[in-house]
*Asks:* 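Just passing along the structure, written as structure tokens.
These numbers come from the heavy atoms of this one structure, side chains and all, not from hydrogens, waters or symmetry mates. Whatever order the structure lists ligands and atoms in, that order sets their numbers, starting from 1.
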Amino acid sequence: MALAGVRVIELAGLAPAPFCGMILSDFGARVIRVDRTKVAMTVDTQARGKQSVALNLKSPKGVAVLKRLCLQSDVVLEPYRKGVMEKMGLGPEDLIKENPRLIYARLTGYGQSGSYAKAAGHDINYLAMSGLLSMLGRSSEKPYAPLNLVADFAGGGLMCAFGIVLALLERSRSGQGQIIDASMVEGAAYVGSFMWKSRSIGLWNRPRGENLLDSGAPFYDTYRTSDGKYVAVGAIEPQFYQQLIQGLGLDDTDLPSQMSVTDWPQLRQTFTQVFATKTQAEWGQIFDGTDACVTPVLSQDEVLSHSHNQARGSFLKDSQGEISPRPAPVLSRSPAEPCGSRDPFIGEHTRSVLKEYGFDQAQIEQLLSAGIVECNEAKARL
Ligand SMILES: C[C@H](CCC[C@@H](C)[C@H]1CC[C@H]2[C@@H]3[C@H](O)C[C@@H]4C[C@H](O)CC[C@]4(C)[C@H]3C[C@H](O)[C@]12C)C(=O)SCCNC(=O)CCNC(=O)[C@H](O)C(C)(C)COP(=O)(O)OP(=O)(O)OC[C@H]1O[C@@H](n2cnc3c(N)ncnc32)[C@H](O)[C@@H]1OP(=O)(O)O
């Protein structure tokens with residue numbers, strides 16, 4: 001796999017950093033998540049392929065253990081508020097001094113500088129600060145966050161993984177590590193570069209929800225079908241739009257012109273009425289195999305059985321029967337090989353990881369009895 005041999009220490013976080021760690025793990029990195037001690041259950045639902053070490057970083061001995069792990073690793077990924085790592089003596093200067101090849105990835109909402117750097121926040125706040133939230137939502141409605149997809153995952157976890165891969169690539173030339181300041185505000189904005197760059201062509205001139213791609217256009221929207229399901233329509237180009245009109249059984253000469261913005265409400269009404277006359281599957285029979293750009297809106301449970309996804313193996317079922325997306329993109333020679341076994345329990349790998357990182361038996365027992373580390377091998381065997 002592409003990242004085979006890369007060792008990552010991921011400090012346990014909420015959602016974006018776990019996703020970043022899972023991407024690295026799916027593509028072959030060895031990811032060790034450092035959890036807190038005295039915690040019964042992890043909230044990391046993106047722990048595929050990771051190992052867990054439970055370590056108390058509030059004690060100097062725990063800090064020393066983490067330093068030793070980082071000394072022999074390629075990447076450390078930290079998701080805490082600015083200053084937290086420094087307070088523990090685990091800031092980039094401390095760690096990179098001891099391991100100059102270390103890539104120190106800091107995944108935060110607001111970045112390491114600026115007046116918001118130390119403020120708490122979540123996806124919706126970062127998205128708001130990125131300028132993108134103001135553009136999301138239906139006409140005459142308030143801004144609406146599309147789950148926590150954009151800042152946490154696209155602009156956060158994924159962008160941070162990209163930064164780590166870039167830093168690894170650069171290190172293969174320079175031999176040196178570096179610090180990655182991954183701000184979710186900036187990551188989200190960068191993902192949304194098109195929204196800035198396309199202002200010059202007038203794509204966003206109208207109010208929110210009244211433009212071509214923000215649900216303003218009737219040919220770029222979702223419609224309810226007679227069985228209470230939905231279809232998605234993305235027939236932008238005139239030749240595809242023609243196929244949509246044809247599939248809907250409408251006569252183009254009775255309709256306003258596609259790009260007549262003032263007629264969009266009337267056109268939407270027509271489409272709404274027509275789509276409501278057949279089931280989602282019936283529309284599939286009409287539109288599959290055409291270029292009308294009409295697809296079913298599939299639920300999370302339906303994706304696995306759709307013929308297209310099935311043919312490509314786009315979704316996986318793990319050993320617990322849980323469905324999840326296959327890692328993307330697909331690399332021809334060194335594709336991801338996501339781990340099929342269950343996620344780790346907190347501290348399941350404490351003993352084996354410490355041993356591997358050079359701690360002897362006596363040191364491990366000492367750390368365990370002092371409560372600096374915890375081991376849950378027994379739970380794993382149950
Ligand atoms: C919208 C998303 C968030 C969605 C997350 C949800 C999916 C989950 C959130 C709550 C979960 C539920 C809850 O836990 C209760 C149940 C638990 C049960 O087990 C499962 C069911 C639950 C219902 C559970 C279900 C779900 O999991 C939840 C609903 C996001 O937007 S995520 C993005 C958030 N932002 C960032 O990541 C940006 C960077 N980080 C930050 O800004 C801050 O970390 C943050 C997120 C604001 C939190 O601030 P906080 O004050 O809590 O922490 P920090 O200031 O960063 O300091 C960390 C402290 O922790 C100490 N520490 C760290 N590791 C260790 C260690 N190994 N040992 C000891 N101590 C450790 C560290 O020293 C810091 O201590 P101090 O405070 O003393 O400095």
*Asks:* Are any of the protein's heavy atoms under 4.0 angstrom from atom 65 (C) of ligand 1, yes or no?
*Replies:*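 Given the 4.0 Å limit, the answer for atom 65 (C) of ligand 1 is yes, a protein heavy atom qualifies.
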*Asks:* Distance below 4.0 Å between atom 29 (C) of ligand 1 and any protein heavy atom?
*Replies:*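 When distances to the protein are checked, atom 29 (C) of ligand 1 has no heavy atom within 4.0 Å.
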*Asks:* Parallel, tilted or perpendicular: which describes the rings of F153 and F19, with under 30° parallel and over 60° perpendicular?
*Replies:*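 Ring orientation of F153 relative to F19: perpendicular.
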*Asks:* Considering only NZ, NE, NH1 and NH2 on the basic side and carboxylate oxygens on the acidic side, decide whether R48 and E322 come within less than 4.0 Å.
*Replies:*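 No.
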*Asks:* Please identify which of these residues, L90, L57, D94, meets the side chain to side chain contact (heavy atoms under 4.5 Å, CB included) condition with M85.
*Replies:*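 Only match with M85 under side chain to side chain contact (heavy atoms under 4.5 Å, CB included): L90.
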*Asks:* Taking only Lys NZ, Arg NE, NH1 and NH2, and the carboxylate oxygens of Asp or Glu, determine whether K50 and D35 approach each other closer than 4.0 Å.
*Replies:*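 Salt bridge: no.
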*Asks:* Would you verify that at least one protein heavy atom lies under 4.0 Å from atom 53 (O) of ligand 1, or report that none does?
*Replies:*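 Under 4.0 Å from atom 53 (O) of ligand 1, zero protein heavy atoms found.
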*Asks:* Under 3.5 Å between some N or O of ligand 1 and some N or O of K87?
*Replies:*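 N/O-N/O distance under 3.5 Å: yes.
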*Asks:* Applying a 4.0 Å heavy-atom criterion (strictly less than), which segment of A120 is in contact with ligand 1: side chain, backbone, both, or neither?
*Replies:*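 Both parts.
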*Asks:* Using heavy-atom distances only, which candidate in R81, M184, M41 approaches atom 49 (O) of ligand 1 most closely?
*Replies:*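 The nearest heavy atom belongs to R81.
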*Asks:* Using a distance-only test with no angle check, is there a side-chain donor-acceptor pair under 3.5 angstrom linking Q239 and D291?
*Replies:*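 The criterion, which ignores hydrogens and geometry beyond distance, is not satisfied for D291 and Q239.
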*Asks:* Of the choices Y110, Y126, F153, which has the non-hydrogen atom that lies closest to atom 42 (O) of ligand 1?
*Replies:*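 Answer by nearest heavy atom: Y126.
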*Asks:* Is N148 close to ligand 1, meaning an N/O of one under 3.5 Å from an N/O of the other?
*Replies:*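 In this structure, N148 places no N or O atom under 3.5 Å from an N or O of ligand 1.
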*Asks:* Tell me, do P218 and Y223 make a side-chain contact under 4.5 Å, heavy atoms counted?
*Replies:*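 Yes - at least one pair of side-chain heavy atoms lies under 4.5 Å apart.
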*Asks:* Is it the case that ligand 1 has an N or O less than 3.5 angstrom from some N or O of L57?
*Replies:*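 Min N/O separation from ligand 1 is below 3.5 Å for L57.
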*Asks:* Is the shortest distance from a heavy atom of G121 to ligand 1 less than 4.0 Å?
*Replies:*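 In this structure, G121 qualifies as a contact of ligand 1 - some heavy atom is under 4.0 Å.
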*Asks:* Does at least one non-hydrogen atom of V84 fall below 4.0 angstrom from an atom of ligand 1?
*Replies:*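 V84 counts as a contact of ligand 1 under the 4.0 Å cut-off.
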*Asks:* Starting from atom 46 (C) of ligand 1, which protein heavy atom do you reach first, and at what distance in Å?
*Replies:*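 Minimum-distance protein heavy atom for atom 46 (C) of ligand 1 reads L14 CD1, 4.0 Å.
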*Asks:* Is atom 10 (C) of ligand 1 less than 4.0 angstrom from at least one protein heavy atom?
*Replies:*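 It does not: no protein heavy atom is found less than 4.0 Å away from atom 10 (C) of ligand 1.
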*Asks:* Ignoring angles and geometry beyond distance, decide whether L55 reaches within less than 3.5 Å of ligand 1 through its nitrogen or oxygen atoms.
*Replies:*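 Yes, L55 has an N/O under 3.5 Å of an N/O on ligand 1.
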*Asks:* What protein heavy atom sits nearest atom 76 (P) of ligand 1, and how far away is it?
*Replies:*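 Its nearest protein heavy-atom neighbour is K58 NZ, 3.5 Å.
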*Asks:* May I ask which of V53, D35, V43 has a heavy atom nearer to atom 18 (C) of ligand 1 than the others do?
*Replies:*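 Looking at heavy atoms only, V43 sits closest to atom 18 (C) of ligand 1.
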*Asks:* Taking E10's backbone N and O only, do any of them form a donor-acceptor pair with R33's side chain (distance below 3.5 Å, no angle check)?
*Replies:*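 Side chain of R33 to backbone of E10, a donor-acceptor pair under 3.5 Å: no, none is there.
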*Asks:* State whether the shortest distance between N or O atoms of H122 and N or O atoms of ligand 1 falls below 3.5 angstrom.
*Replies:*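 No, since none of the N or O atoms of H122 sits under 3.5 Å from an N or O of ligand 1.
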*Asks:* For atom 61 (C) of ligand 1, is the nearest protein heavy atom under 4.0 Å away?
*Replies:*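 Protein heavy atom within 4.0 Å of atom 61 (C) of ligand 1: present.
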*Asks:* Quick one about E210 and S139 (side-chain donor to acceptor, distance below 3.5 Å, no hydrogens or angles considered), yes or no?
*Replies:*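 Side-chain D/A pair, S139 to E210: present.
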*Asks:* Which of the listed options, P16, G83, P79, holds the heavy atom that is closest to atom 40 (N) of ligand 1?
*Replies:*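 It is P79 that holds the nearest heavy atom.
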*Asks:* I'd like to know if E374 and R36 make a salt bridge, using a cut-off of under 4.0 Å between side-chain N and carboxylate O.
*Replies:*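 Not counted as a salt bridge, because no side-chain N and carboxylate O are separated by less than 4.0 Å.
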*Asks:* Take a 6.0 Å sphere around OH of Y190 and say whether it holds more than 12 heavy atoms from other residues, nucleotides or ligands.
*Replies:*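 No, because the 6.0 Å sphere around OH of Y190 holds 12 heavy atoms or fewer from other groups.
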*Asks:* Protein heavy atom under 4.0 angstrom of atom 74 (C) of ligand 1, is there one?
*Replies:*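 It does; a protein heavy atom is within 4.0 Å.
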*Asks:* Is the closest protein non-hydrogen atom to atom 34 (C) of ligand 1 under 4.0 Å?
*Replies:*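 At least one protein heavy atom is under 4.0 Å away.
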*Asks:* Closer than 4.0 Å and a protein heavy atom, does any atom meet both conditions relative to atom 13 (C) of ligand 1?
*Replies:*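 Within 4.0 Å: no protein heavy atom nearby.
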*Asks:* Taking side chain as C-beta onward, heavy atoms only, is C70 less than 4.5 Å from E98?
*Replies:*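 Not in contact.
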*Asks:* Within the 3.5 Å criterion, strictly below it, is a donor on Q178 or R171 matched to an acceptor on the partner's side chain?
*Replies:*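 No, because no side-chain N or O of Q178 sits under 3.5 Å from a partner of the opposite role on R171.
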